[in-house]
Amino acid sequence: AQPRPFYTLDNNVLTTEQRQFYEDNGYLLVKKLTSDEDIEHFRKEFVRICNKEGNPLGVLIMGDKICKPNLIRSEKTVNKVRDFWEDEELFRYRTLTEVLKYVECFTGPNIIAMQMMLMNKLPDSGTQSSREREMQKLLVCLGYHSPPIKFFHGLLDCDEKSPRVHLVMEKGDTVFFHPLLIHGSGINETSGFRKSISCHFASSECYYIDIKNTTQKHLEKEVFLSKVMQGKRINL
């Protein structure tokens with residue numbers, strides 16, 4: 001008999017096969033979870049921010065060339081938009097019923113929203129600049145995509161030739177990553193822009209541990225914003 005799943009909770013959303021797949025592989029792909037209509041709304045809001053038609057409080061705009069003099073900020077130069085807590089349209093993704101239904105399978109009913117990012121992978125220039133290197137996020141609790149941490153740490157002695165699982169996704173698909181899964185994305189070989197929204201959720205029953213006098217003590221200075229998406233705030 002298969003051991004009881006450890007990383008998902010009993011519910012009527014995930015099948016036994018889905019729970020076992022997540023247990024064995026560290027990710028779960030849900031096809032067409034987000035509607036084309038919602039995706040189009042999010043895309044338009046991203047372009048609006050890129051074009052400086054809106055400037056929500058606290059939003060961080062990132063791009064490889066964004067600081068160059070006389071550069072015109074647009075969809076063609078912005079790689080990422082982060083921390084859009086005050087942008088009503090982009091933040092709405094985190095409140096979608098169909099998304100939270102699956103999040104609850106991993107976190108339980110008391111769901112906290114943490115870091116968020118909209119990534120805009122530009123067509124590759126031939127230098128593989130659009131590639132996102134494999135990363136492992138420093139994690140402290142189980143969540144959707146990953147729990148609360150606001151920056152990434154690369155892997156030491158990573159073998160570029162090590163086996164990989166290539167996940168092909170279509171518009172509207174959502175992947176739920178195990179917190180410890182090492183993941184990245186390849187170069188954008190198309191002539192268009194490849195967009196994705198990365199959201200981090202955690203159970204509010206999680207708690208921060210004391211990292212004073214450890215090699216990770218500098219992380220304590222990070223400010224972790226969070227909002228209750230469902231249920232109640234307990235610890236976080």
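FYI, the numbering just counts along the sequence from 1. No experiment lies behind these values; they were computed from the predicted model shown.
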Practice task
Apply side chain to side chain contact (heavy atoms under 4.5 Å, CB included) to the pair Lys44 and Glu40, showing each step before the final yes or no.
Solution key: CA-CA 6 Å; Lys44 287 182 177 179; Glu40 181 61 16; 3.1 Å; yes
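- Ile39 and Leu118 are not part of a single hydrophobic cluster, where members link through side-chain heavy atoms under 4.5 Å apart.
- When the salt bridge (charged side-chain N to carboxylate O under 4.0 Å, His left out) test is applied to Glu86, no partner is found at least two apart in sequence or on another chain.
- The NZ atom of Lys121 sits 8.0 Å away from atom OG of Ser196, with the distance rounded to the nearest 0.5 Å.
- Looking at heavy atoms from C-beta onward, Leu100 lies in side-chain contact with Met229 at the 4.5 angstrom threshold.
- Of all heavy-atom pairs spanning Ser191 and Pro123, the tightest one is O-CG, 3.5 Å.
- Note that CZ of Phe193 and CZ of Arg43 are 10.5 Å apart. Values are rounded to the nearest 0.5 Å.
- Residues Trp85 and Leu96 fall within the same hydrophobic cluster, defined by Ile, Leu, Val, Met, Phe, Trp and Tyr side chains chained together at heavy-atom separations under 4.5 Å.
- Each of Leu9 and Leu28 belongs to its own hydrophobic cluster when Ile, Leu, Val, Met, Phe, Trp and Tyr are linked at side-chain heavy-atom distances under 4.5 angstrom.
- Checked by atom type and distance alone, the side chain of Arg94 pairs as donor or acceptor with a backbone atom of Met114 at under 3.5 Å.
- Here Leu60 pairs with Met62, Arg82 under the side chain to side chain contact (heavy atoms under 4.5 Å, CB included) rule; sequence neighbours left out.
- A heavy-atom distance below 4.5 Å is not found between the side chains of Leu33 and Asp173.
- Qualifying side chain to side chain contact (heavy atoms under 4.5 Å, CB included) partners for Tyr27, counting only residues two or more places apart in sequence or in other chains: Phe21, Asn25, Val165, Leu167, Val175, Phe177, Leu181.
- Cluster membership for Val13 and Val103, using ILVMFWY side-chain heavy atoms within less than 4.5 angstrom, is shared.
- Heavy atoms from other residues, nucleotides or ligands lying under 6.0 Å from NZ of Lys76 number 12 at most.
- Contacts of Lys171 classified as side-chain hydrogen bond (donor to acceptor under 3.5 Å, both in side chains), with partners at least two apart in sequence or in another chain: none.
- Both Phe176 and Phe6 are assigned to one and the same hydrophobic cluster, defined by single-linkage of ILVMFWY side chains at heavy-atom distances under 4.5 Å.
- To the nearest 0.5 Å, atom CZ of residue Arg194 and atom CD1 of residue Ile187 are 9.0 Å apart.
- The two residues Ala202 and Thr107 have their closest heavy-atom pair at C-CG2, 4.0 Å.
- Leu90 CG to Glu88 CD: the interatomic distance, rounded to the nearest 0.5 Å, is 10.5 Å.
- By the side-chain hydrogen bond (donor to acceptor under 3.5 Å, both in side chains) test, Lys195 pairs with Glu75, Asn120, sequence neighbours left out.
- Residues Ile61 and Val81 approach most closely at CD1-CG2, 4.0 Å, considering heavy atoms.
- Of all heavy-atom pairs spanning Lys227 and Arg233, the tightest one is CA-NH2, 3.9 Å.
- For the pair Asp83 (side chain) and Gly58 (backbone), a donor-acceptor distance under 3.5 Å is absent.
- Scanning for side-chain hydrogen bond (donor to acceptor under 3.5 Å, both in side chains) contacts around Asn110 gives Glu205, with sequence neighbours left out.
- At a threshold of 4.5 Å between non-hydrogen side-chain atoms, the residues Ser198 and Met116 do not count as touching.
- Here the NZ atom belonging to Lys80 is positioned 7.0 Å from the CE atom belonging to Met119, to the nearest 0.5 angstrom.
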Exercise for the section: Start with the C-alpha distance between Asn235 and Tyr208, add both sets of side-chain angles, then the distance that settles side chain to side chain contact (heavy atoms under 4.5 Å, CB included), and finish with yes or no. Expected result: CA-CA 9 Å; Asn235 294 318; Tyr208 296 116; over 6 Å; no
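- Residue pairs meeting the side chain to side chain donor-acceptor pair (under 3.5 Å) criterion with at least one partner in residues 96-106, sequence neighbours excluded, are Glu104-Gln230.
- Glu23 pairs by the salt bridge (charged side-chain N to carboxylate O under 4.0 Å, His left out) definition with nothing, not counting sequence neighbours.
- Among the candidates Phe201, Tyr7, Tyr22, the single residue satisfying the ring pair (Phe, Tyr, Trp, His ring centres under 6.0 Å) test with Phe106 is Tyr22.
- Listed for the Arg73 side chain is a donor-acceptor partner under 3.5 Å among the backbone atoms of Ile49.
- The two residues Asn188 and Gly192 come nearest to each other via the heavy atoms ND2-O, 2.9 Å.
- Annotation: Lys232, atom NZ; neighbour count of heavy atoms from other residues, nucleotides and ligands within 6.0 Å does not exceed 12.
- Looking at Cys199 and Tyr93, their side chains come closer than 4.5 Å, going by heavy atoms from C-beta outward.
- Evaluation of the side chain to side chain contact (heavy atoms under 4.5 Å, CB included) rule for Asn51 yields Val47, Glu53, Ser74 as partners, not counting sequence neighbours.
- Ser35 pairs by the side-chain hydrogen bond (donor to acceptor under 3.5 Å, both in side chains) definition with Asp38, not counting sequence neighbours.
- In this structure, the separation between CD on Glu45 and CZ on Phe91 is 14.0 Å, given to the nearest 0.5 Å.
- The side chain to side chain contact (heavy atoms under 4.5 Å, CB included) test applied to Asp10 returns Arg4, Arg19, not counting sequence neighbours.
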Problem - Audit row: His200, Met117, side chain to side chain contact (heavy atoms under 4.5 Å, CB included) steps and yes/no - result: CA-CA 9 Å; His200 300 189; Met117 182 186 306; over 6 Å; no
